[in-house]
Amino acid sequence: PYLKNQPIYFVILLKRVRMNKANNQSPMQLFLDTANIEDIKKYAAWGIVDGVTTNPTLIAKEGVSLEKRIKEICKVVNGPISSEVVSNDLDEMLKQGRAYAKWHRNVYVKVPMNAEGLQAVKILTKEGIKTNVTLVFSASQALLAAKAGATLVSPFIGRLDDIAQDGMKLIEEIVQIYKNYNFKTKVLVASTRHPRHIIEAAKLGADIATMPPEIMAKLIQHPLTDSGITKFLQDWDKVKNVQ
Ligand code: G3P
């Protein structure tokens with residue numbers, strides 16, 4: 001029957017592809033925001049981790065060398081792995097970024113949002129190196145990152161919420177601006193603090209959300225699922241031997 005109905009399946013597939021293109025949709029990606037290799041292995045096993053973001057603070061927590069850890073992560077997750085430059089000097093940023101990019105084809109060079117960072121992004125992009133502009137707190141910064149050719153932009157929503165500003169409003173603005181001009185830069189929602197941040201980011205059509213492992217753990221949980229599973233198993237136990 002599959003072969004007989006093949007043309008119908010083909011038309012449905014084509015329609016789906018067209019719909020996705022029209023809505024500018026590709027599936028939302030979920031990244032882990034950690035440098036802890038055990039956590040990365042644990043959640044990668046779920047099959048839904050698309051990438052990993054790290055920063056100098058997260059690397060420092062692990063007490064390992066950046067190069068060693070990034071290479072380890074690249075073996076576990078086959079997707080963008082962000083590795084951050086640690087300098088405010090343009091030449092040094094470029095030196096570090098070029099070195100990181102040689103570690104693995106999936107390494108994205110994370111660059112801070114400042115004048116040197118913008119220049120570094122422009123140059124690295126020309127060299128074919130993927131970049132992630134980090135520490136973005138305003139729509140104007142996100143606009144400049146896109147103009148410089150950043151592959152990803154990381155607005156930090158939790159840190160904005162922390163100072164009584166609306167982090168999610170910033171995501172809305174960036175998504176709108178990028179859509180208006182068809183910028184290719186992807187919006188990576190960072191500094192997430194709880195599952196609602198992930199849901200709201202998805203509703204706004206953000207390309208990616210990165211989250212600490214604790215939030216990934218919360219995404220799957222629901223008490224009614226747990227009690228439902230327990231009840232089904234208990235009831236099944238009562239009849240499983242009935243002939
Ligand atoms: O990795 C960047 C960002 O997600 C850090 O978040 O929790 O330190 O504000 P946080």
Side-chain angles (χ1 to χ4, degrees), residues 28-40 43-44 48-67 69-70 72-74 76-77 79-88 93 96-97 100 106-114 117-118 120-121 130-139 141-142 145 150-172 174-175 185-202 204 206-219:
M28 186 192 198
Q29 293 193 307
L30 302 179
F31 287 9
L32 280 172
D33 194 29
T34 182
N36 184 282
I37 198 71
E38 292 314 317
D39 280 336
I40 293 169
Y43 292 102
I48 44 82
V49 174
D50 301 298
V52 176
T53 47
T54 67
N55 64 37
T57 306
L58 294 171
I59 293 287
K61 260 193 211 168
E62 300 301 317
V64 288
S65 97
L66 177 67
E67 180 174 354
R69 184 47 49 94
I70 294 292
E72 283 172 343
I73 298 172
C74 287
V76 180
V77 175
I81 312 297
S82 290
S83 180
E84 189 159 341
V85 298
V86 277
S87 174
N88 278 327
M93 281 181 181
Q96 291 175 11
Y100 297 173
N106 285 342
V107 171
Y108 281 47
V109 179
K110 217 171 172 187
V111 178
M113 165 45 72
N114 57 21
L118 271 187
V121 167
K130 304 273 200 322
T131 57
N132 174 2
V133 175
T134 190
L135 290 163
V136 165
F137 292 96
S138 73
Q141 291 179 326
T151 321
L152 308 175
V153 67
S154 290
F156 276 30
I157 60 168
R159 293 192 194 184
L160 281 173
D161 290 355
D162 289 345
I163 58 161
Q165 290 191 24
D166 188 349
M168 208 46 76
K169 184 75 198 156
L170 173 60
I171 302 304
E172 196 182 326
I174 299 172
V175 168
T185 306
K186 287 187 174 175
V187 181
L188 190 166
V189 179
S191 180
T192 52
R193 300 264 192 268
H194 48 72
R196 279 314 303 176
H197 273 156
I198 313 305
I199 301 305
E200 294 303 325
L204 290 172
D207 302 286
I208 307 162
T210 192
M211 68 202 83
E214 309 81 70
I215 297 185
M216 183 72 79
K218 285 179 184 168
L219 291 185

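Whatever order the structure lists them in is the order used to number ligands and atoms, beginning at 1. In what follows, every heavy atom counts, from backbone to side chain, and hydrogens, waters and symmetry copies are set aside.
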Intermediate values then yes/no, side-chain contact (heavy atoms from CB on, under 4.5 Å), Tyr100 and Val85 | CA-CA 9 Å; Tyr100 297 173; Val85 298; 4.0 Å; yes
Only counting residues at least two apart or in another chain, list the ones meeting salt bridge (charged side-chain N to carboxylate O under 4.0 Å, His left out) with Asp166.
-> none
Arg193 and Asp161: CA distance, side-chain angles, deciding distance, side-chain contact (heavy atoms from CB on, under 4.5 Å) verdict | CA-CA 9 Å; Arg193 300 264 192 268; Asp161 290 355; 5.9 Å; no
No-hydrogen, no-angle side-chain donor-acceptor test under 3.5 Å, Ser82 and Asn132 | yes
Does Phe31 offer a backbone N or O that forms a donor-acceptor pair with the side chain of Asp50 under 3.5 Å?
-> no
Verdict with reasoning, Met93 to Asn114, per side-chain contact (heavy atoms from CB on, under 4.5 Å) = CA-CA 12 Å; Met93 281 181 181; Asn114 57 21; 3.9 Å; yes
Sorted by chain and number, the residues that approach ligand 1 to under 4.0 Å with a heavy atom = Asp33, Asn55, Lys110, Phe156, Arg159, Ala190, Ser191, Arg193
